[in-house]
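In what follows, a single structure is set out as structure tokens and then discussed.
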Amino acid sequence: MTTASICTIGDEILIGQIVDTNSSHIAEALEDAGVEVRRMVSIGDSREDILRTLSEELTLCDIVITTGGLGPTKDDITKAALAELSGSKAYKTDAVQASIVRDILSSRGLDILPSNLAQADVPEAAEVLPNRLGTAPIMAFRFGAERFGHECSLYSLPGVPHEAVGAIPQIVDDIRKHFTLSDICHRSIMVYGLAESALSELIAPWEDSLEAGIHLAYLPSTLTGVRLRLSVYGGDGPEENERIDRAVDGLKGILGDRIYSLNDDNLEHVVGTILKSSGKTLSVAESCTGGEISHLVTSVPGSSAYYLGSVTSYAISVKENVLGVDPEVIRTKGVVSSEVAAAMAEGVRKLTGSDYAVATTGLAGPDGDGSYPVGTVWIGIAGPRGTRTEMRTYKNDRKRNIERFAAASLDALRRMLLEDLRHDA
């Protein structure tokens, strides 16, 4: 199987100034294409370290992909290191990339400086793949078996995330031209409402009975729950898909509605699809989530077809005066309570005229109120057939608690929508 190493270059990654997201996107694309990613390495801005590490990676893997170190400033030394690594004695100007540099800078009203144009100068051994999203070119270097013991390629990408991610399709296409790739059949099953450990225990007998050659991976996420990925390496034909179909059918019988998608999907998109297809509308009242649910819902293209609006009722006065929550309920039950969550959902549903409404009230942290532990949220869901509430408790930092509150709210809404659809059928 064709193998790959992904290398990030830059001191800013090693000292924690920025978070490397490029590697995960690249790895996922390579895996889907049939390339096995065996290594991920971060390298500082040191010529010696770059040369030594890239030589080692090229010896170990068929493909090496680097990101970073290609900017116009003096600390960007990757291009010079790649020139040395490839044995280039001179540079050449890539006319296409030079034209892109001029167009980008002109469109931004910026002066075209010599340092900018110099980004289109590449080592003579480089093959250039135009980067239309930025000024630094995408470069490919080929090495014969006499250099590293096998034929291999190195791809150098810019470090700017949207440029690196934008380059991935070109890189994958080029890899297909130069390497024989194994076919891979993947299937993602999205599960919410179970921790990874609890899910693993619940489906252990099913996992043990998987047909030979089917591989299972658990991929947990705060916002999407657990993605179960089934893979068959070496084929993506009807036979492999049928094998995975049989495995998925067995899983459905165990997990039921805890499975919210059989694609690599998220809760906000699934909820939006249900609302749009059923012609129903949604509104949101948020306290502890501070707009996170609204943000997730409106991140879905076309959400205006079903999303009416929200009230971020952080203050008690807004809960009372805008959403109509009875002050006596707050006084006797507490602002973090089932009763207040229900009243918030009913209030925003009445205010906007939506078919469904979601509300949250809770303690994201770090401070609590003495009645519930930090990480507690009450979720209210109001719909045509009544109102229900659910309590969830998580033990994370404030940011992750808010994300979990929002995801749990969308999942609670999803389950009510499915129940109502079954009832109306």
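Everything numeric here is computed off the predicted structure, so don't read it as measured data.
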Review point. Got a salt bridge between Arg39 and Glu56, using NZ or NE/NH1/NH2 to carboxylate O under 4.0 Å?
Key: no
Review point. Do any N or O atoms from the side chain of Asn401 and from the backbone of Asn396 form a donor-acceptor pair under 3.5 angstrom?
Key: yes
Exercise for review: If a pair satisfies salt bridge (Lys or Arg N to Asp or Glu O under 4.0 Å) and one of its residues is in residues 210-224, list it, with sequence neighbours excluded.
Suggested key: Glu211-Arg243, Glu211-Arg246
**Study point:** salt_bridge(Arg415, Asp411) N-O dist < 4.0 Å
**Key:** yes
Point to revise | Criterion side chain to side chain contact (heavy atoms under 4.5 Å, CB included) on Leu228 and Ile203, from CA distance to verdict | key: CA-CA 11 Å; Leu228 296 174; Ile203 66 174; 4.0 Å; yes
Check your understanding: Can any side-chain N or O of Asn266 pair as donor or acceptor with the backbone N or O of Thr224 at less than 3.5 Å?
Key -> no
**Study point:** Donor-acceptor under 3.5 Å (Thr376 side chain, Pro373 main chain)
**Key:** yes
Point to revise | Any side-chain donor near an acceptor of the partner, Ser303 and Thr298, under 3.5 Å | key: no
Check your understanding: Do the side chain of Ser200 and the main chain of Ser197 share a donor and acceptor less than 3.5 angstrom apart?
Key -> no
Review point. When you measure from the side chain of Thr3 to the backbone N and O of Glu36, does any donor-acceptor pair fall under 3.5 Å?
Key: no
Revision key, fill the gap. Rounding to 0.5 Å, atoms CD1 (Ile274) and CG (Leu417) come to a distance of 5.5 Å
Practice item. Taking all non-hydrogen atoms of both residues into account, name the closest pair between Cys288 and Gly362 and its distance. Key: SG-N, 3.3 Å
Practice item. Just grab all the salt bridge (Lys or Arg N to Asp or Glu O under 4.0 Å) pairs involving residues 329-348, residues at least two apart or on different chains. Key: Glu328-Arg331
Review point. Phe405 vs Tyr394 aromatic rings, parallel, tilted or perpendicular, using cut-offs 30° and 60°?
Key: tilted
Exercise for review: Let me see the working for Tyr155 and Ile175 under side chain to side chain contact (heavy atoms under 4.5 Å, CB included), right down to the final yes or no.
Suggested key: CA-CA 10 Å; Tyr155 297 91; Ile175 289 172; 3.7 Å; yes
**Study point:** Donor-acceptor pair, side chain of Ser261 and main chain of Leu267, under 3.5 angstrom
**Key:** no
Review point. Taking NZ, NE, NH1 and NH2 as the nitrogens, is one of them in Arg187 or Asp245 under 4.0 Å from a carboxylate oxygen of the other?
Key: yes
Check your understanding: Under 3.5 Å, is there a donor-acceptor pair between the side chain of Gln97 and the main chain of Asn131?
Key -> yes
Point to revise | Shortest non-hydrogen contact between Ala359 and Met344, atoms and distance | key: CB-CB, 3.6 Å
Practice item. To the nearest 0.5 angstrom, please state how far the CG atom of Leu70 sits from the CD1 atom of Ile138. Key: 10.0 Å
Practice item. Look only at the side chain of Thr387 and the backbone of Ala342, and say whether a donor-acceptor pair between them is shorter than 3.5 Å. Key: no
Review point. Taking it one step at a time, do Leu194 and Leu202 satisfy side chain to side chain contact (heavy atoms under 4.5 Å, CB included)?
Key: CA-CA 9 Å; Leu194 285 170; Leu202 179 61; 3.8 Å; yes
Practice item. Check whether any side-chain heavy atom of Tyr306 lies under 4.5 Å from a side-chain heavy atom of Val297, and answer yes or no. Key: yes
Review point. Considering only heavy atoms from C-beta outward, does the side chain of Val311 approach that of Val348 to under 4.5 Å?
Key: yes
Review point. For Gly375, does its backbone N or O pair with a side-chain atom of Arg404 as donor and acceptor, under 3.5 Å?
Key: no
Practice item. Measure the CG-OG distance between Leu219 and Ser188 for me, rounded to the nearest 0.5 Å. Key: 7.5 Å
Practice item. Rounded to the nearest 0.5 Å, what's the gap from OH on Tyr218 to CG on Leu199? Could you check? Key: 5.5 Å
Point to revise | Backbone of Gly159 reached by a side-chain donor or acceptor of Asn22 within 3.5 Å | key: yes
Point to revise | Atom pair CE/OG1 of Met139 and Thr78 - distance to nearest 0.5 Å | key: 8.0 Å
Point to revise | Evaluation steps, side chain to side chain contact (heavy atoms under 4.5 Å, CB included), between Cys152 and Val64 | key: CA-CA 8 Å; Cys152 52; Val64 172; over 6 Å; no
Point to revise | Side-chain heavy-atom pair Leu30, Ile65 within 4.5 angstrom cut-off | key: yes
Check your understanding: Name the one of Arg422, Lys252, Arg414 that satisfies salt bridge (Lys or Arg N to Asp or Glu O under 4.0 Å) with Asp257?
Key -> Arg422
Review point. Between Thr8 and Ser42, what is the shortest heavy-atom contact and its length?
Key: OG1-OG, 2.7 Å
Exercise for review: Return yes when atom CG of Asp111 has more than 12 non-hydrogen atoms of other residues, nucleotides or ligands closer than 6.0 Å, and no otherwise.
Suggested key: no
Practice item. Would you mind reporting whether Trp206 and Leu251 have side-chain heavy atoms less than 4.5 Å apart? Key: yes
Practice item. Evaluate whether atom CD of Glu201 has more than 12 neighbouring non-hydrogen atoms of other residues, nucleotides or ligands under 6.0 angstrom away. Key: no
Check your understanding: How close do Thr361 and Ser337 get, heavy atom to heavy atom, and via which atoms?
Key -> CG2-O, 3.9 Å
Point to revise | Separation of Arg108 CZ from Asp103 CG (nearest 0.5 Å) | key: 11.5 Å
Practice item. Please report the shortest heavy-atom distance between Met190 and Asn263, naming the atom on each side. Key: CG-O, 3.0 Å
**Study point:** Which atom of Thr21 lies closest to which atom of Ser24, heavy atoms considered
**Key:** O-OG, 2.9 Å
Review point. Got a sec, which pairs hit side chain to side chain donor-acceptor pair (under 3.5 Å) with one end in residues 283-292, sequence neighbours left out?
Key: Ser283-Thr352, Ser283-Ser354, Glu286-Thr289, Glu286-Ser294, Ser287-Lys319, Thr289-Thr360
